[in-house]
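Presented below is the structure to which this report refers.
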Amino acid sequence: MQEFCKRGYLIEEELPEPPSEERLRDKRPVAYIECPQRIPCSPCKEACRFDAVIMETINDTPKVDYEKCTGCMACIRVCPGLAIFMLQIKDDKGYVTLQYEFLPWLKKGDRVLVLNRKGEVIGEGVIAWALNPERNDRTQLVTVEVDKDLIFEARAVKKVVE
Amino acid sequence: MKSRKIVCRCEDITEEEIIHAIEEGYDDIESLKRYTGATTGACQGKGCLMHILRILSQKTGKSPEEIGITTQRPPVNPVPLYVLAEGDKE
Amino acid sequence: MRVAIIGSGIAGISLAYFLAKSGIDVAVFEKKYPLYGASGRNSGGITLQFDKPEFVDLAKESLKIYDRVQSEVGFNFLYRHDGYIKVARNKDDLDKLEKEVKVAKSRGVKAKMLEAEEVKEFVPDFNPDAIVGASYSEGGVIFPWPVIWGFAKGCKEMGVEIKKMSEVKEIVIEKGFVKGVKANGEIYKADYVVNAAGAWSNEVSSLAGVGLDNRIIKEEICVSESLKPYLDLYILDVSTGVYLSQSVRGEIVGGILGSEVEKPDTSSSFEFLTKYAKKASELIPKLKSLTILRQWAGVYDVAKDDMPVVGLTSVSGFIQFNGLGKFGMCIAPALAKELAILIVRGENRKIEKFSPLRLKIYH
Amino acid sequence: MSRLQEHPIVDFKRGKEVTIYFNGKPIKAYEGETVAAALYAAGIRVFSRSFRFHRPRGFFCAIGKCSACMMEVDGIPNVRICKVYVRDGMQIRTQNAYPSAENDALAIFDRIIDRFFPHGSHYKKFTSSKTLREIATKQMRKIAGIGEFPKALPKEEADYEEINADIAIVGGGPAGLSAAIYAGRLGAKVVLMDENPYLGGQLIKQTHRFFGSGEHYAGTRGIRIAEILTKEVKEIENVDVRTETKVFGIYGKTVAAVEKDRKLLKVNAKKIVIATGAYERTLIFENNDLPGVYGAGGVQTLMNVYGVKPGNRGLIVGSGNVGLILSYQLLQAGVDVAAIVEAMPFVGGYFVHAAKVRRLGVPIYTRHTILKALGEKKVERAIIVELDENWRPIEGTEKEIECDFICVAVGLSPAHELLYQAGCEMKFVPELGGLVPVRNKYGETTAEGVYVAGDVAGIEEATAAMMEGRIAGLDAAIKLGYGDEEAVKLRDKIVGELEEFRRGPFGERILRGLEKVVR
């Protein structure tokens, strides 16, 4: 059984190969899928209209062709495992879009705590964009603005309770 | 409250008591069921049959297949008499 | 002298107890597990009211034996001597009860007829309009499981071996004499082999080449969920065959007297549930608010003339102890005591009338 | 009050407010809630007292299968209040406890009974004389027994109906629904029975998005899949859907059930598909019967169906998909999760489910298990302990966990009873979760005409349950002469998809189990 199953989170060496700096700085975000285990699940592949998610059989782990990925977010809308993150860099700011399914819903401008894969708080961030949950069957997509070096760390947010 | 490991919730039988009954010679599943009352209560074994099988298997060394299980009788859940009576088309 | 008994029901196990007490070397061969047969499936009704005087005497004697054995082996059979009521829904059945009450009283048993209304004194919610009359006699409810375990405990303490999962496949006979039995591939030498196999007695008898064609009766029964004490005595509706009692643990145990089947079959049926629910709730309407927790069935055997089949056969050493019908719990211990005497001494006039040789066997 | 006013995924539609009486005390409730959910929301934790030790027992399975919530309802004894819906003015009384289950004088039994009446003493003590035995037996009768003899006749009028059908389907979860839809579409006369007022079985409690393939609604929430399948089945008029219908027995090809607790339903069918799912496995540890120790399904029903918070801070035992998903669902309901303990050295369910809760700060202790639950009448704390390689607790590694409920999510066991009644050849297969029937690849068991589909055939994903349901439904209808080669092709296509679905590492264990039972 793979090491990450002993911990419940991925560490540096186990992360999928990252998109190029150039792709990250494109004006369209790119999908980054942290789904290392061969499980029978294919909604991300079936949702992608640009064949950017590669899976021969339903049990293969999804690989993203970062060039083909248009950042349309079709995959992140349906991922059952909440394992997909849209990444983008602008100037010295990093943007991570993740699935959020908690109350109270988040709004643009909300200040949030940013947590890493182990649930440790690694800083604060601001919500740059938030999809209305009703438009994605109660899975809100939110983009959190963080320091650009944290886009491979920031994996969860919690609303700062004023 | 005394610390107990409850195997059969309906008849209130602890793991220790099940093991004690097996050692007393009620070491086949049907005799163990009748002597301890396990699986004969309100849930008819839904909560404890698998544990009885496991404990018997550990104590006697027999496989669950050899041990077998108690006869699975209708009704699967309790049935009101006044409803059943309606079906008597004599 | 060594005796092999086939069947660990009330007949086989009580015989083993009496033989062991007289110092005989006994082994009991049980096809499955003790209580697998009718003795583990009945509702424990004990009555002293019969239409045959022999049965009344045997039942009285058996009750005394139960009392003595409980003290000897230190095992409580949870017997409650709260009485036994038989109700009748028509005149003919009521007349039969009157005859039974006369027979019972003639053998010193307290028994009387009751008006329909009087049943309410024993059972608060009883519906007197459902019946035309009833009888009341001594008797009550015993719990069959500890009865068998109690006798078995006594037997084991006297060195009797009770072999579970040991079906007798062969009875060894040489020149008309029994030599032993074969089970699980091993021969057990014995001078006497006793056929106490209940509903399987015909099959066992044929292993010894002795004809036996007892009728096989299948009887279905069920329990409700557990309740505080409500019904103390045992009720049998002789017209519909429905009977009711309450176990010590609180379940209402009820069933319908059986009907003949080809071969032993203990499957459950839908029709039993609906008939039982209808007929039982006619007697006690509030039963309608109860739920049935489990239904099962048992099988027993009864000879063509409804009398027990007890005694020696044409094959010397092969002994019949079956055909007890639905009265096994009531009369087996007394018969076992007499049969033990027959085996030890070679003859016992008291049970002459139950000898298998009386039966004309057609098969 | 622990009723959820709002929830990210589920909108709780609360009915009209009513008042029910619990041991005489008025309790506020809402129509559509079960009595158990209403009492629980009112903070009542002790529902009954156990048979011998008079230990406190509370809400546990939530699906009417255990004995912990039996009470007297309007004079009728032994009613499981987790399956009874609130009605205004209901009189609910606890049983076998004086003065009440909350404060029971006989609770003293739990401390003294071992010294005076060790187990088996009801047979072995006070046996020397006839009078002593009779007194002992009389006392035993008084202490035994749970409910009192009924004080009232049932209110409802009983009814009876007999139906002849091509296919009777027992269980309206993902497997049963799929079987009914696919057999119904071929024209077969189908009767679909489910014990709940809603169809969808487990789906109704699964607020998360499903795995599997898009063709089987992957990416959609379990509760939405239930709505889709329910709509699909109700569009087929030759499928007779009977909800609140509890099948209690199979007698040959007759399926017997009770509909809405008042009608006896007898269905004579040519084929039977058994899709009754599975029960929660219980775990044996000290005080595992304390109110507050729940099966994961019980908590999901309470929280996701009736919108009642199980407590404020829970310990989850077991890290299979159920335990992991439940932890996430608890966080969504605003309930804190103290930790997840897992006896194996690694997480049992899908890694992504573990990652979901790990990144929200929930610790996962692998190689750990629960040693005991602590509390006077309900869970107040728990002790967990580390295990060595051969699964034995390591002295000194005990840790105390603050929590007010414990969810046991250590796997499911197939609901085997009806299959034994139908006479199917059964085998004990640990890889499939317990006792499962021998069958062919279309799900037909050794009992001719009796099919099996879903978790009752072996514990697997809902996607597999839907595929098995479709295959069984198609095959049963085909064998009755419905459908043409298209139907046969469709059935075999799905059989192929199911084999493909099981080819991943998570399918290995299932395939090993299936080798023992598929012929």
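Below, chain A is the first sequence line, B the second, and so on; all start at residue 1.
Each of C:Glu251, C:Arg294, C:Arg249 was evaluated against B:Thr40; a single residue qualifies, C:Arg249, per the side-chain hydrogen bond (donor to acceptor under 3.5 Å, both in side chains) test.
To the nearest 0.5 Å, atoms CZ (C:Phe143) and CZ (B:Arg34) are separated by 9.5 Å. With rounding to the nearest 0.5 Å, the separation of OH in C:Tyr276 from CG in B:Leu81 is 6.5 Å. Annotation: the span from B:Leu84 atom CG to C:Ser281 atom OG amounts to 9.5 Å, rounded to 0.5 Å. Atom CH2 of residue C:Trp145 and atom OG of residue B:Ser31 lie 10.5 Å apart, to the nearest 0.5 angstrom. Here B:Glu24 contributes atom CD and C:Lys153 contributes atom NZ; the two are 9.5 Å apart, rounded to the nearest 0.5 Å. In this structure, the separation between CG on C:Leu293 and CG on B:Asn77 is 10.0 Å, given to the nearest 0.5 Å.
Within the 4.5 angstrom heavy-atom criterion, only side-chain atoms of B:Glu11, from C-beta onward, approach chain C. Heavy atoms of C:Trp296 lying under 4.5 Å from chain B belong to its backbone as well as its side chain. Contacts between C:Ser268 and chain B at a heavy-atom distance below 4.5 Å involve backbone atoms as well as side-chain atoms. For a residue to count as touching a neighbouring chain, one of its non-hydrogen atoms must lie under 4.5 Å from one of that chain's; by this rule C:Lys279 touches chain B with the side chain only.
Counting heavy-atom neighbours within 6.0 Å of C:Lys288 NZ, excluding the residue itself, gives a total of 12 or less. No more than 12 heavy-atom neighbours from other residues, nucleotides or ligands sit within 6.0 angstrom of CD on C:Glu186. Counting heavy atoms of neighbouring residues, nucleotides and ligands inside a 6.0 Å radius, atom CD of C:Glu262 does not exceed 12 of them. In B:Glu16, the CD atom is not crowded: 12 or fewer heavy atoms of neighbouring residues, nucleotides or ligands sit closer than 6.0 Å.
In terms of heavy-atom proximity, B:Pro78 sits nearest to C:Glu225 at CG-OE2, 3.3 Å.
Between B:Tyr26 and C:Trp149, the distance from one ring center to the other falls under 6.0 angstrom.
Using a 4.5 Å cut-off on side-chain heavy atoms (C-beta onward), C:Thr266 and B:Arg73 make contact.
With respect to the salt-bridge test (charged N to carboxylate O, under 4.0 angstrom), the residues C:Lys164 and B:Asp27 qualify.
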